[in-house]
Amino acid sequence: MNKKSNILQEDFYEWEIEGWNVLPDEMSSPIFIAVNHKWKILFYPKKRDKETQEDYISVGIEILDISKDMETENIHMATDFVFSIRNSNDYFCFIAVGYGQHLVNKQPFYFSINKKNCGIEWFTSKEELYKKDKSYNKSIIENNKAILDTYICSYEYNKERYIEELQSLMTYDTDEKNDKHEKYFEQELNVLRLNNHRRIKFESNNYKWKISLYPNEKNKEYISLKIKINDLTSKEEEEACSVSASFVFSFRNIKRYSCFWAKGTSIINFNEDTEEYEVAEFIKKDNLFNEYRRNTINKLTDDNDKVMFGVLSYVVN
C-alpha cells in the first residue's frame with residue numbers, strides 16, 4: 001500500500017462465486033458501497049495466455065457514481081486496492097495481489113470520469129486455484145466455489161497529484177530546443193462576478209499575460225475565456241518576437257483538490273498578428289454555478305460562491 005499519502009477511508013467486500021466449472025467468460029459482482037462510493041467487481045475467469053495456452057483469471061474494479069448524469073464528473077479519487085481469492089471456509093487458504101505492487105514507484109490508482117476502472121490482468125493461473133495447500137491440505141476452489149475479497153483504501157488527494165493531473169492534459173512540444181518554462185498560478189474568484197467580465201493577470205517565463213472570463217453572447221449556457229500576451233517584445237532586442245505556449249485552465253473547490261474541472265489547449269503561436277487566443281465555449285454555467293447543481297459533493301464553488309481558478313502554463317520563447 002502507499003505509505004506517503006494520508007489514508008481517508010478503508011473498506012472490505014466479499015463476493016462468493018459458485019459454479020466455477022460453468023462460469024461465463026466475464027461477469028460482475030453485485031453493486032456494493034465502499035469508501036462512500038458505489039462499485040462493482042469485474043471478473044474474467046477464462047483469460048488465456050496465447051504463448052503458454054495456460055488459463056488465467058483477471059480481476060478489476062469499476063466505480064459507478066462518477067458520471068455527468070449524476071453530476072459527479074468533477075470528482076477525482078486516489079485509491080488503492082488488493083484482490084484476494086480464498087477458500088470459502090478458510091481465511092488462511094488464499095492468493096492475494098495488490099494493484100501496482102510490481103511497480104518500482106508504487107502509486108494509488110486515480111479514478112475520474114475518464115478513468116473509471118482498473119484491474120490486474122494476469123491475477124493468477126487457474127491451475128493454482130485447484131492446487132492443494134501443503135500446510136492445510138486444501139485448495140482455494142472447493143465444492144466448486146470460492147470467495148473473491150476486495151480491500152479498498154482511499155487517500156487524500158493533494159496539490160502535487162492535482163498538478164500532475166493538469167500536466168497530463170498539457171500539450172508539450174517535445175522537439176523544441178529553446179528555453180522552456182512551466183508555471184502554475186491560481187486565484188480565488190467569486191463566480192457571480194463571471195456574469196460580467198473578470199480579468200486575471202499573471203506572469204510566466206518573464207511574459208505578462210491577461211485572462212478574461214465573460215458570458216458567451218451567442219450561447220448563454222457558456223462562459224468564454226480569452227488569453228492575451230501583453231508584452232510581446234524580445235527582452236534583449238526590444239522588437240517583436242514569437243512566443244509559443246500551451247495552457248491548462250482549471251476550476252477547483254477551494255477546500256478540496258479532488259474536486260476540479262480542467263481543459264487544455266493546443267500549442268498556440270503568439271506573434272505580432274496573433275496576440276490573443278479565445279475559447280468561446282469554455283465552460284458550461286451549470287458546471288460552475290451552484291444554483292444549477294443538485295449534487296453537493298461535486299460543487300466546484302463553496303457556499304459563499306467562491307472558486308479557485310488555476311492556469312498551468314508552458315511557454316517557449
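All of these numbers come straight from a predicted model, not from anything done at the bench.
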Self-check item: side-chain contact (heavy atoms from CB on, under 4.5 Å) evaluation trace for Ile61 with Thr79
Solution: CA-CA 11 Å; Ile61 189 168; Thr79 311; over 6 Å; no
Self-check item: Test side-chain contact (heavy atoms from CB on, under 4.5 Å) applied to Ile113 and Trp261, step by step
Solution: CA-CA 11 Å; Ile113 192 167; Trp261 175 97; over 6 Å; no
Quiz item: Are Tyr257 and Asn158 close enough, and set up right, to give a side-chain contact (heavy atoms from CB on, under 4.5 Å), and what steps lead you there?
Solution: CA-CA 6 Å; Tyr257 287 104; Asn158 55 30; 5.5 Å; no
Quiz prompt | Worked check of side-chain contact (heavy atoms from CB on, under 4.5 Å) between Asp90 and Asp133 | solution = CA-CA 12 Å; Asp90 194 334; Asp133 183 275; over 6 Å; no
Practice problem: Given salt bridge (Lys or Arg N to Asp or Glu O under 4.0 Å), test Asp302 with Lys255 step by step and report yes or no. | Solution: CA-CA 8 Å; Asp302 65 9; Lys255 296 180 181 179; over 6 Å; no
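If you take SG on Cys93 and CG on Asn137, they are separated by 10.0 Å, rounding to the nearest 0.5 Å. Here the CD1-CD distance, from Ile229 to Glu275, works out to 8.0 Å after rounding to the nearest 0.5 Å. With values rounded to the nearest 0.5 angstrom, Ile85 atom CD1 is found 9.5 Å from Trp15 atom CH2. Residue Lys40 holds its NZ atom at 8.0 Å from OG of Ser29, rounded to the nearest 0.5 Å. Remark: Leu169 CG to Asn114 CG distance equals 8.0 Å, nearest 0.5 Å. Residue Glu186 holds its CD atom at 11.0 Å from CG of Leu312, rounded to the nearest 0.5 Å.
Ring to ring, Phe81 and Tyr99 are close: their centroids are under 6.0 angstrom apart.
Checking Ser313 against Ser204 by side-chain atom types alone, a donor-acceptor pair falls below 3.5 Å. In the model, Ser242 has no side-chain atom that pairs as donor or acceptor with a side-chain atom of Asn271 under 3.5 Å. Side-chain atoms of Glu142 and Asn89 form no donor-acceptor pair, as typed in the model, at a separation below 3.5 Å.
Two residues are said to be in side-chain contact when any heavy atoms from C-beta on lie closer than 4.5 Å; Asn195 and Lys285 meet this criterion. The shortest side-chain heavy-atom distance between Ile200 and Val311 does not fall under the 4.5 Å cut-off. Within the 4.5 Å cutoff, the side chain of Phe251 has no heavy atoms near those of the Asn287 side chain. Side-chain atoms of Lys138 and Phe92, non-hydrogen and from C-beta on, never get closer than 4.5 Å to each other. You'll find the side chain of His76 stays beyond 4.5 Å of the side chain of Arg161, heavy atoms only. Taking the side chain as every heavy atom from C-beta outward, Ser250 and Tyr184 approach each other to under 4.5 Å. In this structure the side chain of Phe247 never reaches within 4.5 angstrom of the side chain of Ile211, judged on heavy atoms. Residues Val59 and Ile41 have side chains in contact (heavy-atom distance under 4.5 Å, counting atoms from C-beta outward).
Put simply, the side chain of Ser266 never gets that close to the backbone of Thr171: no donor and acceptor are under 3.5 Å apart. The closest donor-acceptor contact from the side chain of Lys183 to the backbone of Glu203 lies under 3.5 Å. Counting only distance, with no hydrogens or angles, the side chain of Asn219 and the backbone of Glu221 share a donor-acceptor pair below 3.5 Å. Here the side chain of Lys46 pairs a donor or acceptor atom with the backbone of Leu23 at under 3.5 angstrom. Judged by distance alone, with hydrogens and angles left aside, the side-chain atoms of Lys263 form a donor-acceptor pair with the main-chain N or O of Phe282 at under 3.5 Å. In this structure a side-chain-to-backbone donor-acceptor pair under 3.5 Å is present from Ser224 to Ala280. The backbone N or O of Trp20 lies less than 3.5 Å from a partner atom in the side chain of Asn144, making a donor-acceptor pair. Within the 3.5 Å criterion, the main-chain N or O of Met170 finds no donor-acceptor partner in the side chain of Ser246. Not one N or O on the side chain of Asp149 forms a donor-acceptor pair closer than 3.5 Å with the backbone of Ser84.
The environment of CZ in Arg193 is sparse: at most 12 heavy-atom neighbours from other residues, nucleotides or ligands sit within 6.0 Å. Residue Lys306 qualifies as open at atom NZ: its count of foreign heavy atoms under 6.0 Å is 12 or below. Glu16 CD: more than 12 foreign heavy atoms inside a 6.0 Å radius. Within 6.0 Å of atom CZ in Phe94, 12 or fewer heavy atoms from other residues, nucleotides or ligands are found, so the atom counts as exposed in its surroundings. Shown here is Lys208, whose NZ atom has no more than 12 heavy atoms of other residues, nucleotides or ligands within 6.0 Å.
Checked against side-chain contact (heavy atoms from CB on, under 4.5 Å), Trp122 has the following partners two or more places apart in sequence or in another chain: Lys47, Asp49, Tyr56. Taking the side-chain contact (heavy atoms from CB on, under 4.5 Å) definition, one finds that Glu10 meets it with Ile7, Tyr151, Cys153, sequence neighbours left out. In this structure Glu276 satisfies the salt bridge (charged side-chain N to carboxylate O under 4.0 Å, His left out) test together with Lys226, sequence neighbours excluded.
Considering Tyr207, Tyr277, Trp209 in turn, Trp209 is the only one that fulfils the ring-ring contact (aromatic ring centres under 6.0 Å, His included) rule with Phe270. Checked options Trp39, Phe83, Phe32; the residue passing with Tyr13 is Phe32 (criterion: ring-ring contact (aromatic ring centres under 6.0 Å, His included)). Considering Ile140, Asp55, Asn87 in turn, Ile140 is the only one that fulfils the side chain to side chain contact (heavy atoms under 4.5 Å, CB included) rule with Leu129.
Cluster membership for Met308 and Tyr162, using ILVMFWY side-chain heavy atoms within less than 4.5 angstrom, is not shared. In terms of hydrophobic clustering, with Ile, Leu, Val, Met, Phe, Trp and Tyr side chains grouped at heavy-atom distances under 4.5 Å, Met27 and Ile141 are assigned to a common cluster. Both Ile95 and Phe43 sit in one connected hydrophobic cluster of ILVMFWY residues. Membership requires side-chain heavy atoms under 4.5 Å apart, directly or through other members.
Within the cation-pi definition used here (under 6.0 Å to the ring centroid, within 45° of the axis), Arg86 qualifies as a partner of Tyr91.
Scanning all heavy atoms of the two residues, the minimum distance from Asn36 to Asp65 falls at O-OD2, 4.2 Å.
Taking the six-membered ring where the residue is Trp, Tyr157 and Phe260 present tilted rings, their angle falling between 30° and 60°.
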